[in-house]
Amino acid sequence: MAPSIPQSAPPSTPPSTPRSAPQRTHRLVTASPADTVRVLALAVAPIVAQGVIARRRRVVGLAGKLDTDGRGVRELQRLRARYGTGPIRLRVPLRPVALVLDPGDVRTVLTGTPGPYTPRNREKRGALGRFQPHGVLVSRDEQRPARRRAVEELLDGGHPVHRFGDAFTRVAREETTALLAAARGTGEFGWDEFVPAWWRIVRRIVLGDAARDDHTLTDDLTVLRHAANWSGLGRRHRRRSARLRAGLEHYAAAAEPGSLAALVAAYPDEAADPVGQIPHWLFAFDAGAAVTLRALALLVAHPGDTDLRAAALTAAVLESARLWPTTPLVLRDTTRRTTLGGGELRAHTAMLIPAWFHHRDDEVRADADRFDPQQWLDGTARADWTLMPFSAGPAACPGRELVLLVARTVLETLLTGADVSAGAGVPDSGAPLPRGLDPFALTFRVRPPE
Ligand code: HEM
């Protein structure tokens, strides 16, 4: 199948007026040392502390209680009021860093991949290199085209339904039905019950039914991801890395029909290291668990709006990913000296696109803190470069459609298979939605369908 990956959010025009060109270049607007410290402490550090690669459960809970994501939004609004939309240089020692607040600049950076803005950012490399050294996202420029082509072709990126869609939805339904059956016994379920079911779905889809209960493999990955939270400073866990790779090779060799492993086994371009792409898929599916459970919270909190058609459920999942993005900071590095918004950027500048801020900026967005699935149905969100839950441009997420398919199937199975209602942690539909929503604390009540 010839994949036709879109640029994920492929707007022909950005939402806000692009900067008028041509502009004279000038030195980058630079935050004062005090403002740099405030931004790092109030906006960036709380995100890093929650775990960028593997969420730290306790810290996520604490961050929600302290509303650190809300404080971060307010801090960046204050910065913008003081310095304009930038890009704004932060005075970080030994590392040029620029914050991208202007919608037109977001578009320029995301479309300028792999150069002058490479997704292979230094910090990301340090972190992801721990468990997916050959993943496309951290691949060198000369390796990137083949690996990008491989992931697009294997994941059917850009196609609403993967070629194995029937098999994948069957697996998602089976495991979710089993989850519901157990939950009917206790009358409720939460993260601790949901996540094992989610991983069974993921292992079966990615590696095949034989991997359904292979917790060792995904537990190894989790350990490596926690080490990756420390970027280049984390422990290497060489034995676990080798065991993970051997496990993936084993499932690829088995090539169970109807799994992604079968496609990996048959992929003709070995230089793209198709097996080496799998750790990213497993890692990224983990984000899907939090996004799906939060989408369920949105749906049960807004029962009047619940529409179980595929498009509506997909929109709810996208809203969940907008309201609580699992990649809150999209990172790029400049590959060479360049200009953005008229400001001069040095080579190897880290570009910080604060996705969670753009998604929740209540000085710009009327729907910042409310459930607004309509925008994903009528195309407005797609035309908005400041909405980037799956990133955008040539390095946009090629697994977007696949994870949306799985998520909406899980939601549909839950909502048709039982009467699911709000338990602990589900936000009140009447109030503005919290800027942080702890997925580990969500619970849902379950009764047989009426
Ligand atoms: C809700 C779940 C997911 C979300 C929110 C998500 C979001 C994203 C984002 C924001 C990026 C860009 C990262 C960056 O630029 O640093 C990305 C890249 C990527 N995602 Fe996803 N993703 C999800 C699930 C998946 C799944 C399930 C797969 C594979 C099965 C996948 C495969 C990839 C790959 C391979 C890339 C790298 C693309 C490249 O470098 O060209 N993602 N994703």
Side-chain angles (χ1 to χ4, degrees), residues 5 7-9 52-53 106 109-114 117-125 127-128 132 134-141 143-158 162 164 168 172 198-199 201-203 205-207 259-261 263-264 272-274 276-295 314 316-333 350-353 355-356 358-359 387-408 410 439:
I5 190 100
Q7 304 301 285
S8 181
V52 180
I53 306 297
V106 170
V109 173
L110 291 179
T111 51
T113 292
Y117 303 104
T118 176
R120 192 174 176 265
N121 149 279
R122 189 198 295 174
E123 289 73 21
K124 228 188 293 183
R125 232 160 48 218
L128 298 183
Q132 48 149 314
H134 299 169
V136 57
L137 191 50
V138 289
S139 295
R140 289 198 305 275
D141 284 0
Q143 299 166 323
R144 172 166 251 287
R147 291 182 180 171
R148 176 73 200 187
R149 198 163 40 247
V151 293
E152 287 182 9
E153 290 180 7
L154 296 166
L155 301 173
D156 284 349
H162 192 275
F164 292 162
F168 294 169
W198 179 266
W199 274 116
I201 296 171
V202 173
R203 284 189 296 260
I205 288 177
V206 177
L207 304 171
S259 70
L260 292 177
L263 299 178
V264 165
D273 190 1
Q277 307 309 314
I278 301 178
H280 186 110
W281 305 350
L282 296 171
F283 149 67
F285 257 120
D286 188 35
V291 169
T292 307
L293 212 58
R294 288 178 178 136
T314 303
V317 178
L318 288 164
E319 262 303 83
S320 161
R322 171 186 74 90
L323 290 160
W324 301 288
T326 53
T327 308
L329 281 173
V330 178
L331 302 176
R332 297 285 182 265
D333 276 1
M351 309 299 295
L352 262 56
I353 309 179
W356 101 99
H358 287 292
H359 295 186
L387 294 185
M388 63 201 98
F390 287 88
S391 186
C397 178
R400 181 182 189 271
E401 280 70 28
L402 174 56
V403 75
L404 290 175
L405 172 72
V406 176
R408 71 172 172 260
V410 168

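In this text, all values refer to a predicted model and were calculated from it rather than measured experimentally. As the structure lists them, so they are numbered: ligands from 1, and atoms in each ligand from 1. Numbers for residues simply follow the sequence, beginning at 1.
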Problem - Inter-residue atom distance Asp333.CG - Asn121.CG, 0.5 Å rounding - result: 4.0 Å
Completion exercise
Filtering Glu401, Arg148, Lys124, Gln277 for the heavy atom nearest atom 14 (C) of ligand 1 leaves Lys124
For [atom], what's the nearest protein heavy atom and its distance?
| atom | value |
| --- | --- |
| atom 37 (C) of ligand 1 | Val136 CG1, 3.8 Å |
| atom 15 (O) of ligand 1 | Arg332 NH1, 2.8 Å |
| atom 39 (C) of ligand 1 | Arg144 NH2, 3.1 Å |
| atom 13 (C) of ligand 1 | Leu137 CD2, 4.1 Å |

Handout entry: Pairing residues for Arg408 by the salt bridge (Lys or Arg N to Asp or Glu O under 4.0 Å) criterion, not counting sequence neighbours
Key =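 Result, salt bridge (Lys or Arg N to Asp or Glu O under 4.0 Å) vs Arg408: none returned.
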Practice task
Examine Arg400 relative to Phe390 and say whether NZ or CZ is less than 6.0 Å from the centre of the six-membered ring and inside a 45° cone about the ring axis.
Solution key: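 Ring-cation test returns yes.
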Under 4.0 Å from a heavy atom of [X]: which atoms of ligand 1 are those, numbered in the order shown and with their elements?
| X | answer |
| --- | --- |
| Leu155 | 29 (C), 30 (C) |
| Pro389 | 5 (C), 7 (C), 10 (C) |
| Gly288 | 1 (C), 2 (C) |
| Thr326 | 5 (C) |

Problem - Structural part of Ala407 in contact with ligand 1, heavy atom criterion under 4.0 angstrom - result: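 Neither part.
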Handout entry: ligand 1 versus Leu331: contacting region, heavy-atom distance under 4.0 Å
Key =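 Neither part.
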Exercise for the section: Say whether, by atom type as modelled, one donor and one acceptor occur between the side chain of Gln277 and the main chain of Val151 under 3.5 angstrom. Expected result: no
Problem - Neighbouring protein N, O or S atoms of atom 21 (Fe) of ligand 1 [cut-off: under 2.8 Å, no waters] - result: Cys397 SG
Practice task
Could you tell me if any non-hydrogen atom of Pro119 lies under 4.0 Å from any atom of ligand 1?
Solution key: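 Outside the 4.0 Å threshold, so no.
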Handout entry: Trp281 N/O under 3.5 Å from ligand 1 N/O
Key = no
